[in-house]
Asker: 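Pasting a structure here, questions to come.
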Amino acid sequence: MRLLLIGPPGAGKGTQAQKLSKFYGIPHISTGDILREAIRNGTPVGARAQFFVESGGLVPDDVMIQIVVERLSQSDVEKGFILDGFPRTDAQAMVLIEALKVMNKSIQKAIVLKCPDAVILDRICGRRICPQCNAVYHIINQQPRIIGICDHDGTALIQREDDMESRIARRLAKYYNALDSITRHFSDILEDVDANQPPDDVFANISGSCSRVA
Ligand code: AP5
C-alpha cells in the first residue's frame, strides 16, 4: 500500500498514520516529524526549517523534496508507505509522482481527512507529543496512562511550538490555499473521509477505502 494522507493541521493524519503503519506493517513517513527531529538535533536542514515550522509557514520546496526523495530511496519503503504531510505544494506533488515513476511505482490511494475548523482548534490546542517516539496524545481525548508521560517510553510529553492558538489560522490558510493544486494530481484515487469521528471509526473508513485498491 502506497498511501497519501492529506488533511488540515490537527485533522488526525499522524494519529491515523500510526495505526495504519501498524496494521499494514509499512513505514509512516511524516515530514513534520522528520523536520522536528532535525530541529531538535540541530542539523543544517533543521536550522533552515526551524523558522518556517515554528511560525506555521511552509518549508521551501527544495528542502522538502530532498528529504522525501532520500527517504523513498530507503529499503523499508519497498512494501509500501504512508506519506503524511507531503506533498504540500504543486511542485512537491509533481516531484513525488516522477520519483515514484522512476521506481515503477505510483501512489495507490489519497485520503483527504475532512474536519471542521472549530474541532481542529480544540484538537491542536490540546495536543501533546512525545519528542522521543512521536506518539500523539490529547489532554482530554487521548490521555496517556500517566499525565504528561509517554506510554511507550516514559519521556515527558511536550507541546509543539506551532500549536499555539495564534499560529493555527496561518497553518489552516496555507493548507486550504494549496489543497486544489495538490489533489488535482490524484483525482482518480482520491477519497474523502470524515475525520470528525472517534479515531477507530476514522481508521475503519480509511482501511475500508484502502481495501478497495485495485
Ligand atoms: P506537520 O507535522 O505535518 O503538521 P500538520 O500538517 O499541520 O498536521 P498536524 O501534525 O498538526 O496534525 P495531524 O493531522 O497529524 O493531527 P494529529 O494526528 O497529530 O507539519 C508541521 C510543519 O512542518 C508545517 O506547518 C510546515 O512548516 C512543515 N512541513 C511539514 N511538511 C511540509 C511540506 N511537505 N512542505 C513544507 N513544509 C512542511 O491529531 C491532532 C490532535 O487531535 C491530537 O491531540 C490527537 O490526539 C487528536 N485526535 C486525532 N484524531 C482524533 C479523533 N478522531 N478524535 C479526537 N481527537 C483526535
Asker: Will you find, in the side chains of R167 and S55, an N or O donor that is under 3.5 Å from an N or O acceptor?
Answerer: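 Short answer, no.
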Asker: Where is the tightest heavy-atom contact between V136 and Q142, given as atom of each residue plus distance?
Answerer: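 Minimum heavy-atom separation between V136 and Q142: O-NE2, 3.3 Å.
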Asker: Please find the pair of heavy atoms, one from D61 and one from A91, that lie closest to each other, and give the distance.
Answerer: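 Shortest heavy-atom contact: OD2-CB, 3.4 Å.
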Asker: Using atom types as modelled and distance alone, determine if a side-chain donor or acceptor of Y137 lies under 3.5 Å from a backbone N or O of D151.
Answerer: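 Answer holds: yes.
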Asker: Which atoms form the tightest heavy-atom contact between P87 and L96, and what is the distance?
Answerer: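 Closest approach of P87 to L96, heavy atoms only: CD-CD2, 3.9 Å.
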Asker: In plain terms, say whether E98 and K101 are close enough for a salt bridge, that is, a side-chain N and a carboxylate O under 4.0 Å apart.
Answerer: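 The answer is yes: the pair qualifies as a salt bridge.
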Asker: Strictly distance-based, threshold 3.5 Å: is any side-chain N or O of T155 a donor or acceptor partner for the main-chain N or O of C130?
Answerer: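 Pair absent, no side-chain N/O of T155 close to backbone of C130.
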Asker: Report the residues that fulfil side chain to side chain donor-acceptor pair (under 3.5 Å) with R127, sequence neighbours left out, ordered by chain and then residue number.
Answerer: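 Applying side chain to side chain donor-acceptor pair (under 3.5 Å) to R127 gives D163.
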Asker: Apply side-chain contact (heavy atoms from CB on, under 4.5 Å) to I82 and M1, showing your working.
Answerer: CA-CA 8 Å; I82 300 147; M1 172 56 61; 5.8 Å; no
Asker: With no hydrogens and no angle check, is any side-chain donor or acceptor of S21 less than 3.5 Å from a backbone partner on I26?
Answerer: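 Side chain of S21 to backbone of I26, a donor-acceptor pair under 3.5 Å: yes, one is there.
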Asker: F203 vs F23 aromatic rings, parallel, tilted or perpendicular, using cut-offs 30° and 60°?
Answerer: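 If you compare the ring of F203 with that of F23, the planes turn out perpendicular.
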Asker: Is the backbone of L5 close enough, under 3.5 Å, to the side chain of D84 for a donor and an acceptor to pair up by distance?
Answerer: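 Pair absent, no side-chain N/O of D84 close to backbone of L5.
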Asker: Mind checking the CD1-CG spacing from I124 to D117? Nearest 0.5 Å is all I need.
Answerer: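 Atom-to-atom, I124:CD1 and D117:CG are 9.5 Å apart.
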Asker: Which value, rounded to the nearest 0.5 Å, describes the distance between I139 atom CD1 and L157 atom CG?
Answerer: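 Output value for this atom pair is 11.5 Å.
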Asker: Without swapping roles, check the side chain of K109 against the backbone of C210 for a donor-acceptor pair under 3.5 Å.
Answerer: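 No; zero donor-acceptor contacts below 3.5 Å.
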Asker: Is it true that the side chains of Q132 and D153 contain a donor and an acceptor less than 3.5 Å apart?
Answerer: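 No, because no side-chain N or O of Q132 sits under 3.5 Å from a partner of the opposite role on D153.
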Asker: Could you check whether any side-chain N or O of R40 sits under 3.5 Å from a backbone N or O of P131, counting only pairs where one atom can act as donor and the other as acceptor?
Answerer: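 It does hold such a pair.
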Asker: Can you tell me how far OG of S207 sits from CG of N205, rounded to the nearest 0.5 angstrom?
Answerer: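 One gets 8.0 Å once the value is rounded to the nearest 0.5 Å.
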Asker: Could you please spell out the steps behind the side-chain contact (heavy atoms from CB on, under 4.5 Å) verdict for I39 and F51?
Answerer: CA-CA 10 Å; I39 293 169; F51 166 76; over 6 Å; no
Asker: To the nearest 0.5 Å, what is the distance between CZ on F86 and CD on Q92?
Answerer: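 If we round to the nearest 0.5 Å, F86:CZ and Q92:CD are 4.5 Å apart.
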Asker: Does R2 offer a backbone N or O that forms a donor-acceptor pair with the side chain of Q108 under 3.5 Å?
Answerer: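 Yes.
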Asker: Can you tell me if K13 uses its side chain to pair, donor with acceptor, with the backbone of S30 under 3.5 Å?
Answerer: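 No; judged by distance alone, with no hydrogens or angles, the pair does not exist.
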Asker: Is D90 paired with R184 through a side-chain N to carboxylate O contact shorter than 4.0 Å?
Answerer: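 Result for this pair is yes, salt bridge flagged.
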Asker: Would one find more than 12 heavy atoms of other residues, nucleotides or ligands at under 6.0 Å from atom OH of Y176?
Answerer: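 Yes, OH of Y176 has more than 12 neighbouring heavy atoms, counting only those of other groups under 6.0 Å.
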Asker: In Å and rounded to the nearest 0.5 Å, what is the CE to CD1 distance from M94 to I65?
Answerer: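 Between atom CE of M94 and atom CD1 of I65 there are 9.0 Å.
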Asker: Group every Ile, Leu, Val, Met, Phe, Trp and Tyr by side-chain heavy-atom contacts under 4.5 Å, then state whether F52 and V45 land in the same group.
Answerer: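 Both belong to a single hydrophobic cluster.
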Asker: Only one of I111, I189, V213 clears side-chain contact (heavy atoms from CB on, under 4.5 Å) with L3; which?
Answerer: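 Answer after filtering I111, I189, V213: I111.
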Asker: Provide the closest heavy-atom pair for I168 versus C125 in the form atom of the first, atom of the second, distance.
Answerer: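 Minimum heavy-atom contact is CD1-SG, 4.0 Å.
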Asker: Looking at Q66, I'd like to know if its CD atom is crowded, meaning that more than 12 non-hydrogen atoms belonging to other residues, nucleotides or ligands lie closer than 6.0 Å.
Answerer: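 Result for CD/Q66: open.
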Asker: Could R36 and E54 be called an ion pair, given the rule that one side-chain N must be under 4.0 Å from one carboxylate O?
Answerer: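 Salt bridge: no.
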Asker: Any side-chain heavy-atom pair from I158 and R128 closer than 4.5 angstrom?
Answerer: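 No, their side chains stay 4.5 Å or more apart.
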Asker: Determine the minimum heavy-atom distance between P9 and Y175, stating which atoms define it.
Answerer: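 It is CD-CB, 4.1 Å.
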Asker: Of the non-hydrogen atoms in C115 and R123, which two are nearest, and what is the gap between them?
Answerer: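 So the two residues come closest at SG-NH1, 3.9 Å.
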Asker: Between D194 (side chain) and N196 (backbone), is there a donor-acceptor pair under 3.5 Å?
Answerer: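 Here the side-chain-to-backbone pair exists.
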Asker: Run the numbers on I6 and L113 for side-chain contact (heavy atoms from CB on, under 4.5 Å), then give the verdict.
Answerer: CA-CA 6 Å; I6 300 167; L113 294 177; over 6 Å; no
Asker: Quick check: does any side chain N or O of Q16 sit under 3.5 Å from a backbone N or O of P199, one acting as donor and the other as acceptor?
Answerer: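 Yes.
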Asker: Go through the steps to decide whether F186 and L4 satisfy the test side-chain contact (heavy atoms from CB on, under 4.5 Å), and finish with yes or no.
Answerer: CA-CA 10 Å; F186 306 100; L4 288 189; 3.6 Å; yes
Asker: Indicate whether the side chain of N134 and that of H28 have a donor and an acceptor atom separated by less than 3.5 Å.
Answerer: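 There is no such pair (donor and acceptor under 3.5 Å, judged by atom type) between the side chains of N134 and H28.
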Asker: Mind checking the SG-CZ spacing from C150 to R145? Nearest 0.5 Å is all I need.
Answerer: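 These two atoms lie 9.0 Å from each other.
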Asker: Could you check whether D200 pairs with K19 (Lys NZ or Arg NE/NH1/NH2 to Asp/Glu carboxylate O, under 4.0 Å)?
Answerer: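 Result for this pair is yes, salt bridge flagged.
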Asker: Do I129 and R160 come close enough that some side-chain heavy atom pair is under 4.5 Å?
Answerer: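 Side-chain contact under 4.5 Å: yes.
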